[in-house]
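Order of the sequence lines sets the chain letters (A, B, ...), proteins ahead of strands, with each chain counted from 1. Predicted, not measured: the structure shown is a model, and the values here were computed from it.
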Protein chains: 2
Amino acid sequence: MILELQRATHATLQVLSARLVDLDLTPSELNALGNLADGTGRTVSELGAAVGSRPTTLTGVLDRLERRGLITRGARPGDRRAVLITLTDDGVATAAVITRAIADLEAETLAGLPASAVEGALAVLRALTR
Amino acid sequence: MILELQRATHATLQVLSARLVDLDLTPSELNALGNLADGTGRTVSELGAAVGSRPTTLTGVLDRLERRGLITRGARPGDRRAVLITLTDDGVATAAVITRAIADLEAETLAGLPASAVEGALAVLRALTR
DNA sequence: TATTGTTATACTCTATAACTATA
DNA sequence: TATAGTTATAGAGTATAACAATA
């Protein structure tokens, strides 16, 4: 099961990055934008927890995204230590492309499977996440 | 689903690497040894296909594993261009520890789930791998 | 004193291209 | 000519520790 999990994740990432190659973003950059896609701002720590990276790693990722005009770094009201990451208009558009690609791939691969299999898979994935 | 998949993979790798920290191996090194665990020799290309790495990446990984006495590089009969990767006795023992840790984690997390959920999960993972 | 984010450092992973030795 | 593996190079991800600003 765990080996299949790794394989499936790897294959999925391969397909996604191939479909999104025109965006010219690294996997970490795609991951960060995808997590910000709902339009809600997040601090560096919150984003790090969501994408599974340390603040020290995110600094470089966010530097590149900021340089390309996809995000902005602002202050969080109430705590001037925290940095609030927000998508720019360009960032929102790019994040939408990523979200759409994920939804499309998911719909394609799950199309032929019974609902019970999908439910079972979600149960297993959540058990593994704990 | 795909987001859950990424999360589950990430969480699983975190737990495994924490449990195997005493081995002092990087994720790629663990992956390579785990794939060689059945004791069958593989060429660099075959191993690369199995673990999802390029030969150019594996060279460095294999260098370190060889330096630590866990694998040997030999010639493949019939084609002297190919390099056959084989586990040493130490490598076999280390690979067994990795295999055991994976089996244990899998047994623990799937223990409370109905067989139908596990079957459904396998079906979904295989659909995603295609 | 503790926390947030950044910087510094060192190592690992990845991708591309060039190289060698074999085929 | 083509293939298997290595080397060279540069960019990107990771971990640890140290640091400045703020709490």
- Task: Calculate the interatomic distance between B:Leu58 atom CG and C:dT14 atom C1'; express it in whole Å.
- Result: 12 Å
- Query: With sequence neighbours excluded, what pairs up with B:Thr9 under the side-chain hydrogen bond (donor to acceptor under 3.5 Å, both in side chains) test?
  - Reply: A:Thr9
- Message: Distance check needed: D:dA20 P versus A:Arg80 CZ, whole Å only.
- Response: 18 Å
- Message: Once side-chain hydrogen bond (donor to acceptor under 3.5 Å, both in side chains) is applied, do any residues pair with B:Arg73, and if so which ones, sequence neighbours excluded?
- Response: B:Asp63, B:Glu66
- Message: Using a 4.5 Å cut-off between side-chain heavy atoms of Ile, Leu, Val, Met, Phe, Trp and Tyr, which other residues end up in the same hydrophobic cluster as A:Leu113?
- Response: A:Met1, A:Leu5, A:Leu110, A:Val118, A:Leu122, A:Val124, A:Leu125, A:Leu128, B:Met1, B:Leu5, B:Leu110, B:Leu113, B:Val118, B:Leu122, B:Val124, B:Leu125, B:Leu128
- salt bridge (charged side-chain N to carboxylate O under 4.0 Å, His left out) involving B:Asp22 - partner list, sequence neighbours excluded: none
- Message: Donor-acceptor pair, distance only, cut-off 3.5 Å: does the side chain of B:Ser53 make one with the backbone of B:Ala49?
- Response: no
- With A:Arg19, which residues qualify under side-chain hydrogen bond (donor to acceptor under 3.5 Å, both in side chains), at least two apart? A:Glu108
- Query: How does protein contact run along nucleotides 7-16 of chain D, one letter per nucleotide 5' to 3', with B for base contact, S for sugar-phosphate only, - for none, heavy atoms under 4.0 Å?
  - Reply: BB---SSBBB
- Query: Touch check for A:Arg73, heavy atoms < 4.0 angstrom, all strands: base, sugar-phosphate only, or nothing?
  - Reply: sugar-phosphate
- Item | For B:Asp79, all residues meeting salt bridge (charged side-chain N to carboxylate O under 4.0 Å, His left out), sequence neighbours excluded | B:Arg81
- Query: When the distance from CG of B:Leu47 to P of D:dA4 is rounded to whole Å, what number comes out?
  - Reply: 15 Å
- Query: Who are the side-chain hydrogen bond (donor to acceptor under 3.5 Å, both in side chains) partners of B:Arg126, not counting sequence neighbours?
  - Reply: none
Short N/O separations, protein against nucleotides 1-4 of chain C, under 3.5 angstrom:
unit_1 : atom_1 : unit_2  : atom_2 : d
C:dT3  : O4'    : A:Arg81 : NH1    : 3.2
C:dT3  : O2     : A:Arg81 : NH1    : 3.0

- Query: Between B:Leu30 (CG) and C:dT12 (C1'), how many Å, whole number?
  - Reply: 13 Å
- Query: B:Leu84 has an atom CG; how far is it from atom C1' of D:dA4, in whole Å?
  - Reply: 13 Å
- Query: Expressed in angstrom and rounded to an integer, what is the separation of A:Leu13 atom CG from C:dA15 atom P?
  - Reply: 12 Å
- Could you state the atom-to-atom distance from CZ of B:Arg76 to P of D:dT3 in whole Å? 15 Å
